[in-house]
Amino acid sequence: MPSLGYKFIGWDTGINDDVIGIYNGQFIDRVEAIFQKEVMELPIMEINTKDAAEIVSKDDYLPCTVTVGNAEENHCFEQNKAKIKGRGNSTWSMPKKPYKLKFDQKIDLFGNGSAKT
């Protein structure tokens, strides 16, 4: 699986061929996946709740992990522990819901200064 912000582009077998696994009737000892950084205009933030639970409450936090990619190197991280809940009053009923993240430890998210929320 590629890391966030990367895409799979092919296999490196040391052989210039599209076929993977067998060459001249013998198995290839080593096959390496090749990934390429995807160039996008905006950072990618991936939030995964425990057991893929839906965020339905504005009062109760759910445990989650947050991964940020496709950003400046010092702003990228993988599976940082956090909690998430809904927020807002009138906006909570909209199709694109607003959320509040609370990290387990202070983090500088996109150069906005270190904070837990």
- Message: Distance check, rounded to the nearest 0.5 Å: Ile84 atom CD1 versus Asn48 atom CG?
- Response: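 Interatomic distance, Ile84 CD1 to Asn48 CG, rounded to 0.5 Å: 10.0 Å.
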- Message: Please report the interatomic distance CE(Met45) to NE2(His75), rounded to the nearest 0.5 Å.
- Response: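 One finds 12.0 Å between CE of Met45 and NE2 of His75.
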- Item | hydrophobic_cluster_shared for Val66 and Ile55, side chain cutoff 4.5 Å |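 Cluster IDs for Ile55 and Val66 match.
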- Connected via hydrophobic side-chain network under 4.5 Å: Ile44 and Leu109: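 Different clusters.
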- Query: Phe35 vs Phe8 aromatic rings, parallel, tilted or perpendicular, using cut-offs 30° and 60°?
  - Reply: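 Answer is perpendicular, since the angle exceeds 60°.
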- Do you know the tightest heavy-atom contact between Gly69 and Cys76?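 What the structure gives for the nearest pair is CA-SG, 4.0 Å.
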- Item | Over all atoms of both residues, closest heavy-atom pair of Ser57 and Asp59 |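 Heavy atoms only, the tightest pair is OG-N, 2.9 Å.
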- Message: If you apply the rule side chain to side chain contact (heavy atoms under 4.5 Å, CB included), what do you find for Lys50 with Leu62, and how did you get there?
- Response: CA-CA 7 Å; Lys50 185 177 179 186; Leu62 288 175; over 6 Å; no
- Hydrophobic cluster partners of Ile34 (side-chain heavy atoms under 4.5 Å):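 Members other than Ile34 - counting any ILVMFWY side chain reachable under 4.5 Å - are Ile9.
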Anything under 3.5 Å between a donor and an acceptor, one on a side chain of residues 93-107, the other on a protein residue two or more places apart or in another chain? List them.
residue: Ser93; atom: OG; partner: Ser90; partner atom: O; Å: 2.9
residue: Lys97; atom: NZ; partner: Trp92; partner atom: O; Å: 2.8
residue: Lys97; atom: NZ; partner: Met94; partner atom: O; Å: 3.4

